[in-house]
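So the structure is just underneath, and the comments pick up after that.
This is a predicted model, so every value here is computed, not measured.
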Amino acid sequence: MKKLIYILCVCWAWVSCAEDEAIFHVPMPAENLSFNPIAGGAVMHYRLPSDANIYNIRVRYLDAFNQEVIRSGSYACDSLVIVGFNEARTGVKATVTLCDRNNVESEPVEVTFDTKDSSPVAFFDKLEVGPGWGETFTLSYELETDMSGMVHLFYIGEDPLTKQSDTVLIKSFVPTKGETSTVETFKQSRESYDVVVRTEDFRGYMVKEKVWSNIIPRKIEKCTLSEDNFHDPEELSVEDRYGKLGKEYLFNGDLKGENGFGNENWDNFNTYIAGPWATATPENPGKPLFIIDLEEEKLPAEVRLYGQLANRSFPYGEGSWYANNYGVPEWGEIWNGNYPTKLPSSVTLFGSNDMNDDASWEEIVHFEQERTIDNEARWCSRCNDADDWIEYLDMLLLEEPCFLSLNCPADGKQYRYLKIVVHEVFYTPQGKEIPGTYTNPEKYVAIQELEIYTAKD
């Protein structure tokens, strides 16, 4: 019996020593910890005790899905980011321990912290979904930071296999910081649509979902326009009946330059050009290239400014091979074989119901491309007649037209008058100044065709 009692005492002492060794005896004072809420979590600030045996600090908590998360911070730092939350929460419980190099932890300290909405939740705070034109809708949102997750856009449509009602994916994307507005297109034609927006975090968990019901896109129609609708208050339009230059060519339906194709005599352009000094200036920022009278108040949907596709219809100026051999053709110094430098890179569309009241003009939409960007990135990439000529009319007929599109908001105002203001034109197709190359210093502006679409009653 005495031997048994002795053995039990030895075992008890051994267990006590083992348990004692399994605890890192450096306490973490609670007053050395503080928390700041952030999107989707918090930042834990800490001040470690002065002990050379401390290797790291750990915090344990349950995330938004009730799963245990362990985050570790180095002894060389003073803060640790806590993640894993969606909607803002207060009083989240956690425990904090210190660790030595043998991974032995100290006694836990109980703490609480607050969180803010994560970006997949905050995405909905300033999210707007509305009808667009045709089979489109608009998506607008604003984020303070880049989103730590993804957005999935759906609409309630028809499964092409089962022919049953189902959610049809439009696209998935990662939103970025700032204000963003996009136009999205439905993949099936319906009278109305239910749009579903769903967000998920980067761990693949769905965070939030919202449905916008009965989105009805607005129908559009093309306006019938002629010279009678055209106003030129600055008298910028170049009119030459022999050379076929003038405002009438904005409305003749020639979207690509077919009528003037193969013009070897340099005297038949079939297009519109304005200038010199057709662009707006700091002294006159609202200087109109031209004004269009819709004859009644209408809701503008889209304005298209077309460019002539690449062909050899434009003459060269002084110093060119052609001029040296045959002389400078009519309008050669303006065109100088470099049509793209007359195409607009920066345009604003204004609307008014009183053409003569300068204060009444309201900005509807603005288009901007850097004038020095590579030709391939421009709206008029196929209008480059320097490197990629279209040799035959049959080739031209197969090409798609190039146009600058000014898309107007579907929930905008009605206007009778529309004003086009061109702020800048492109450099050469190479996107830079080239010695000996004409770069349109007098700011002429060319447009092949004008189309205006408005809401259909």
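- A cation-pi arrangement is absent between K342 and W335, since the terminal nitrogen or guanidinium carbon is not both under 6.0 Å from the aromatic centre and inside a 45° cone about the axis.
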Stepwise side-chain contact (heavy atoms from CB on, under 4.5 Å) test for I170 and F137: CA-CA 11 Å; I170 298 173; F137 68 98; 3.5 Å; yes
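- With R371 contributing its side chain and E424 its backbone, the two residues share no donor-acceptor pair below 3.5 Å.
- A side-chain donor-acceptor contact under 3.5 Å links T182 and E184.
- Judged by distance alone, with hydrogens and angles left aside, the side-chain atoms of S119 form a donor-acceptor pair with the main-chain N or O of S148 at under 3.5 Å.
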Salt bridge (charged side-chain N to carboxylate O under 4.0 Å, His left out) assessment of K222 paired with E451: CA-CA 7 Å; K222 181 182 173 183; E451 287 184 343; 3.2 Å; yes
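- Annotation for N214 and D194: closest pair N-OD1, 2.8 Å, computed over non-hydrogen atoms.
- Although no hydrogens or angles enter the test, the distance criterion places a donor-acceptor pair under 3.5 Å between the side chain of D201 and the main chain of G204.
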Stepwise ring-ring contact (aromatic ring centres under 6.0 Å, His included) check, Y272 with Y249: CA-CA 6 Å; Y272 167 86; Y249 301 101; 9.6 Å; no
Candidate pair V121 and V207, rule side-chain contact (heavy atoms from CB on, under 4.5 Å), full reasoning: CA-CA 7 Å; V121 173; V207 175; 3.4 Å; yes
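- Y415 and E362 share a donor-acceptor pair across their side chains, judged by distance under 3.5 Å alone.
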CA sep, side-chain torsions, deciding dist, call: E399, K256, salt bridge (charged side-chain N to carboxylate O under 4.0 Å, His left out): CA-CA 8 Å; E399 292 282 347; K256 297 182 288 187; over 6 Å; no
CA sep, side-chain torsions, deciding dist, call: T95, V59, side-chain contact (heavy atoms from CB on, under 4.5 Å): CA-CA 6 Å; T95 59; V59 57; over 6 Å; no
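- With rounding to the nearest 0.5 angstrom, the OG atom of S345 is 9.0 Å from the CG atom of L404.
- Proximity of a side-chain donor or acceptor of E442 to a complementary backbone N or O of G275 within less than 3.5 Å is not detected.
- Under a cut-off of 6.0 angstrom, the local environment of NZ in K171 is crowded, with over 12 non-hydrogen atoms contributed by other residues, nucleotides or ligands.
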Full working for side chain to side chain donor-acceptor pair (under 3.5 Å) between T271 and Q448: CA-CA 5 Å; T271 195; Q448 177 63 24; 3.0 Å; yes
Full working for salt bridge (charged side-chain N to carboxylate O under 4.0 Å, His left out) between E295 and R416: CA-CA 6 Å; E295 299 179 352; R416 173 172 173 172; over 6 Å; no
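- Rounding to the nearest 0.5 Å gives a distance of 6.0 Å between CZ of R71 and OH of Y61.
- For the residue pair T136 / T185, no side-chain donor-acceptor distance below 3.5 Å is found, with atom types taken as modelled.
- Looking at every heavy atom in both residues, F35 comes nearest to T112 through CD1-O, 3.8 Å.
- With respect to D114 and R89, no salt bridge is recorded, no charged nitrogen being found less than 4.0 Å from a carboxylate O.
- Between the side chain of W212 and the backbone N or O of Y193, no donor-acceptor pair lies under 3.5 Å.
- For the pair D63 and R203, the salt-bridge criterion is met [side-chain N within less than 4.0 Å of a carboxylate O].
- Counting only distance, with no hydrogens or angles, the side chain of N440 and the backbone of Y444 share a donor-acceptor pair below 3.5 Å.
- At distances below 3.5 Å, at least one donor-acceptor pair connects side-chain atoms of N229 with backbone N or O atoms of S226.
- Looking at T454, its side chain never comes within 3.5 Å of a backbone N or O of P300 through a donor-acceptor pair.
- The side-chain heavy atoms of I273 and V445, taken from C-beta on, include no pair separated by under 4.5 Å.
- A 6.0 Å sphere centred on CD of E144 holds no more than 12 heavy atoms belonging to other residues, nucleotides or ligands.
- N407 and W133 are not linked by any side-chain donor-acceptor pair at a separation below 3.5 angstrom, with hydrogens and angles left out of the test.
- Q67 and Y205 form a side-chain donor-acceptor contact under 3.5 Å, judged by distance and modelled atom types alone.
- No side-chain donor-acceptor contact under 3.5 Å links E128 and S140.
- Salt bridge absent: E221 and K456 never bring a charged side-chain N and a carboxylate O closer than 4.0 Å.
- In this structure, a donor-acceptor pair under 3.5 Å is absent between the side chains of N356 and D354.
- H423 pairs with exactly one of E368, H366, K287 by the side chain to side chain contact (heavy atoms under 4.5 Å, CB included) rule, that one being H366.
- If you check the side chains of E302 and S405, you find a donor sitting under 3.5 Å from an acceptor.
- Under 4.0 Å is where a charged nitrogen must lie from a carboxylate oxygen, and between K247 and E239 at least one such pair does.
- Pairing each heavy atom of N66 with each of L62, the nearest pair is OD1-CD1, 3.3 Å.
- Of the possible donor and acceptor atoms, none in the side chain of D374 sits under 3.5 Å from a partner among the backbone N and O of E376.
- Side chains of H45 and D78: no donor on one and acceptor on the other come within 3.5 Å.
- In this structure, the side chain of N56 does not engage the main chain of S74 through any donor-acceptor pair within 3.5 Å.
- Closest of all the heavy-atom pairs between P315 and P329 is CB-CG, 3.3 Å.
- Taking a 6.0 Å sphere around NZ of K244, one finds it holds 12 or fewer heavy atoms contributed by other residues, nucleotides or ligands.
- Heavy-atom neighbours of Y75 OH from other residues, nucleotides or ligands within 6.0 Å: at or below the threshold of 12.
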